[in-house]
Peer 1: 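Before anything else, here's the structure in question.
Numbering of residues begins at 1 and proceeds along the displayed sequence.
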Amino acid sequence: MDRDSLWQAFLSPPDSIRVGCYYYWVNERVDSAGVVADLQWMKDNGITLAFLATDIRNRDRWDNPWEGQMFGNNKFQSPAWWANLQTALRTAGELGIEMGIFNCPGWSQSGGPWVKPEEAMRNWMPQGVEVCKTARGTDVVNGPCSPEAEGLEVDKLSKEHVKRHFEAFIGEILRRIPPCCRPTLTTVVVDSWERGRQNYTDSIYTLFRWRFGYELDYANDSCQRDLNRLISDLVASEYMGGLTEKAHEYGLRTWCEPYAHSPFPGNSITYGSMADEVAAEFWVNDRKFRQKEINAALGAARSSGKNRVWAESFTDGSWTTYAQDDWSFAKLKPLADRYFHAGVNATILHVMISQPGDDREPAVRPWFGTFFDRRSQHASDLKPLVSYLRRCNFMLQIGRPYNNATDQRVLDDGTVIRFTDDSMFEVTFADGHKETWNPCLTF
C-alpha cells in the first residue's frame with residue numbers, strides 16, 4: 001500500500017474495521033421503537049457490530065436479585081420477543097450493522113429449558129452420576145436470565161448434546177426469522193466460562209479406554225491426570241468445536257472468550273483455537289493488568305492463525321447497584337492503549353442496553369459495565385472514542401505481527417507500523433522514511 005492510500009485508510013478506516021458492542025436486553029424492558037432507536041444510535045456513533053444477549057435479568061446483589069426492579073413485557077419467546085428480535089435483525093441489516101447473538105439466553109454459558117438432565121453437565125460422584133451443582137447446591141444453569149429462559153447447562157463433553165442445544169436456540173431463531181430479515185446476522189457468541197467443572201459424559205469410559213488403553217476408575221487417583229487431559233480435549237473438540245460446526249452449517253461463525261471466571265476443565269489455547277474469533281476482556285477501575293485473559297486470547301489466536309484479537313472492553317468491575325456513568329474519552333483512552341500494546345486489535349464495548357422507545361420512561365441500567373447507550377450523560381464522547389478505536393484497530397490489524405511483537409505490524413512491502421509508548425503510530429516505509437501519525441487527529 002502506498003503512503004497516501006495508507007494515510008487515507010488511517011483517517012477513515014474501511015468498513016471491514018468494525019467497533020462493536022455487547023447489546024443487552026434487560027428485565028424484558030424492550031420494545032420495537034426502542035430497538036430501532038438503539039441501533040440508529042449505534043450507527044450514528046460509528047458502532048457497526050452488535051452482539052445481542054437476550055433475556056438478561058438485572059440484580060442489585062446476588063442473594064436477592066429481583067427486589068425493587070421494573071420489568072417489561074418482552075417475555076422469552078413470546079410473540080413480542082419474536083417481533084422485537086426480527087425488528088432488531090432487520091433494522092441492523094438496513095443500517096449495515098453486523099449482528100451476533102449469544103448462543104443461549106443470558107450471557108453464560110450454553111443452556112436453556114430445552115436441556116434435559118441426561119443432556120446436561122454432569123459429574124461422577126461416589127454415590128452416582130448427578131447434574132453439576134453450584135457451591136450453593138442448586139443445578140448449574142445458564143444466566144443471568146429470565147426464569148422462563150433458564151435451564152440446565154448442556155453437557156460440554158458431548159458434541160451430540162451441544163448441537164441439540166444449538167438447534168433449540170440459535171437454530172430456532174434461524175428457522176423463525178427468514179434470511180431476508182436477518183441479512184447481517186453473522187456470529188454466534190460464547191462468553192467467558194463461568195459454569196465450573198464437569199467430569200462425566202455418556203461415552204467417557206469408552207473414550208478413556210480408546211485414548212489411554214486402560215479402564216477409567218474414578219475412585220483411583222492415578223487415573224485423574226489422564227482423565228483431566230481427556231476432558232480438556234473434549235471441551236475444545238466437542239463443545240467449542242461442536243458449536244463452530246453447527247454455526248458453519250448455517251453460514252455463521254463463532255466468537256468466544258477462551259478464559260474462565262470459575263474452575264475451567266479445558267485449555268484456553270486449544271479451546272479458543274476451535275472458534276473462528278477469540279477475545280480477551282478488560283475492566284474499568286481494575287488496578288491489575290488482565291494477563292490471564294490476554295494470554296488466553298492471544299495464545300489461541302497465534303496458535304490457530306487468527307489475525308484479530310478482540311477485547312470485551314471497559315467492563316466495570318465495581319459491582320455497584322448500577323453501571324458507571326462517569327466515563328469519558330480521556331478516562332478510557334489510556335486503558336484501551338494499554339491493551340493495544342498487549343496485543344488487542346479489535347474492540348467490543350461493554351455495554352449497550354436497550355432503552356424504552358419513550359425516553360420519558362426511566363432508563364434501563366445494568367448493574368455493571370460502562371453505560372455507553374443513548375441515555376448516558378456522556379453520550380457526546382462516544383463517537384470520538386469509537387473513531388479513535390477504529391483507527392487503532394485498523395493500524396494494528398493490517399499486515400502481520402512484526403518479529404512476533406504484539407504492538408507492531410509489517411506490510412508485504414516491508415512497511416513497519418509501531419504503536420509507540422505515547423500512543424502514536426510510527427510508520428517506517430520500505431525506503432526508510434518515517435512518519436508519526438496521531439490517531440486523535442480531528443475526528
Peer 1: Does any non-hydrogen side-chain atom of Ile101 lie less than 4.5 Å from one of Val188?
Peer 2: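 They are not in side-chain contact.
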
Peer 1: Do Arg290's NZ or CZ and the ring of Trp283 fall within the cation-pi criteria of under 6.0 Å and 45°?
Peer 2: yes

Peer 1: Output yes when Arg57 and Glu150 qualify as a salt bridge under the 4.0 Å nitrogen-oxygen rule, no when they do not.
Peer 2: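 No salt bridge links Arg57 with Glu150.
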
Peer 1: State which residue, out of Asn142, Leu152, Val131, fulfils the side chain to side chain contact (heavy atoms under 4.5 Å, CB included) condition with Val115.
Peer 2: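 Of the listed options, the one satisfying the test is Leu152.
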
Peer 1: Compare all side-chain heavy atoms of Lys333 with those of Asp337 and state whether any distance is below 4.5 angstrom.
Peer 2: yes

Peer 1: Using the ring of each side chain (for Trp, its six-membered ring), is His261 parallel, tilted or perpendicular to Tyr259, with breaks at 30° and 60°?
Peer 2: perpendicular

Peer 1: Hey, is Glu277 close enough to Lys306 for a salt bridge, meaning N to O under 4.0 Å?
Peer 2: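 Result for this pair is no, no salt bridge flagged.
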
Peer 1: To the nearest 0.5 angstrom, please state how far the NZ atom of Lys156 sits from the CZ atom of Phe264.
Peer 2: 10.5 Å

Peer 1: Under 4.0 Å between a Lys/Arg side-chain N and an Asp/Glu carboxylate O for Glu215 and Arg209?
Peer 2: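 Between Arg209 and Glu215 there is a salt bridge, with a charged N closer than 4.0 Å to a carboxylate O.
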
Peer 1: Is Lys331 salt-bridged to Asp326, going by a charged N under 4.0 Å from an acidic O?
Peer 2: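 Yes, Lys331 and Asp326 are salt-bridged.
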
Peer 1: Which of these, Phe282, Phe371, Tyr22, sits in a ring-ring contact (aromatic ring centres under 6.0 Å, His included) with Phe314?
Peer 2: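 So the option named by the test is Phe282.
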
Peer 1: Would you say Arg195's side chain and Ser108's backbone share a donor-acceptor pair under 3.5 angstrom?
Peer 2: yes

Peer 1: Any salt bridge linking Glu98 with Arg253? Criterion: basic side-chain nitrogen under 4.0 Å from a carboxylate oxygen.
Peer 2: yes

Peer 1: Quick test of your reading of the model: are Asp233 and Arg211 salt-bridged, counting only N-O distances below 4.0 Å?
Peer 2: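 Looking at Arg211 together with Asp233, the answer is yes, because their closest N to O distance falls below 4.0 Å.
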
Peer 1: If you measure from the Lys or Arg side-chain nitrogens to the Asp or Glu carboxylate oxygens, is any gap between Asp373 and Arg375 under 4.0 Å?
Peer 2: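 Here Asp373 does not pair with Arg375 in a salt bridge, since their nearest N and O are not under 4.0 Å apart.
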
Peer 1: Determine, for Lys246 against Glu249, whether the closest basic-nitrogen to carboxylate-oxygen distance falls under 4.0 angstrom.
Peer 2: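 Salt bridge flag = yes for Glu249 with Lys246.
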
Peer 1: Flag the pair Phe51 / Tyr23 as yes when their ring centroid distance falls below 6.0 Å, and as no otherwise.
Peer 2: no

Peer 1: Is the shortest side-chain N to carboxylate O distance from Asp359 to Arg374 below 4.0 Å?
Peer 2: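 A salt bridge is present here (some side-chain N lies under 4.0 Å from a carboxylate O).
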
Peer 1: Using atom types as modelled and distance alone, determine if a side-chain donor or acceptor of Arg122 lies under 3.5 Å from a backbone N or O of Tyr200.
Peer 2: no

Peer 1: Do the ring centers of His350 and Tyr24 come within less than 6.0 Å of each other?
Peer 2: yes

Peer 1: Does a side-chain N-to-carboxylate-O contact under 4.0 Å join Glu160 and Arg164?
Peer 2: yes

Peer 1: Are Ser376 and Trp327 side-chain neighbours, meaning at least one heavy-atom pair lies under 4.5 Å?
Peer 2: yes

